[in-house]
Amino acid sequence: MSHTYSAYEAKARFSELLRRVRQGQRIYISYRGREVAELRPVETARLSLSDRLAPLEEEGVLGRAPSPSGRLQPVVKKVGALARFLESRE
């Protein structure tokens, strides 16, 4: 169930609108008769750690270590990059 409020009305009833959103409702805010914004509950994805790490591996940000443990390690292009960065900031 959704409702539409004018910007003025939404400002005056903001706490009430947040309560409705927490209950799962979607709220639309209009400006001069046109819907311009939507308040809705945040959808949190319940992904496993491996599902969240897979895109980072594909992008090359993380890689598998050659060790038997197979733990993820950062992929470093140049050794000492962090030290050089910190030195440049001084």
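This structure is a prediction, so every number in the text was calculated from the model and none was measured.
Under a hydrophobic-cluster definition in which Ile, Leu, Val, Met, Phe, Trp and Tyr are linked whenever side-chain heavy atoms come within less than 4.5 Å, directly or via other members, L17 and Y28 are assigned to different clusters.
With side-chain heavy atoms closer than 4.5 Å counting as contact, directly or through intermediates, the hydrophobic cluster containing Y31 also holds V36. Cluster partners of L18 are F14, counting Ile, Leu, Val, Met, Phe, Trp and Tyr whose side-chain heavy atoms approach within less than 4.5 Å, directly or via other members.
Looking only at side-chain heavy atoms (C-beta outward), Y5 and K11 stay at 4.5 Å or farther from each other.
Atom NE2 in H3 sits 13.5 Å away from atom CD1 in I29 (nearest 0.5 Å). Taking CZ of R20 as the reference point, atom CD of Q23 lies at 8.0 Å (rounded to 0.5 Å).
Between the side chain of S30 and the backbone N or O of G33 there is no donor-acceptor pair closer than 3.5 Å.
V21 and P41 get closest at one heavy-atom pair: O-CG, 3.4 Å. In this structure, T4 and E35 approach most closely via the heavy-atom pair OG1-OE2, 3.0 Å.
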From CA spacing to verdict: side chain to side chain contact (heavy atoms under 4.5 Å, CB included), Q25, R40: CA-CA 7 Å; Q25 294 182 21; R40 61 181 173 81; over 6 Å; no
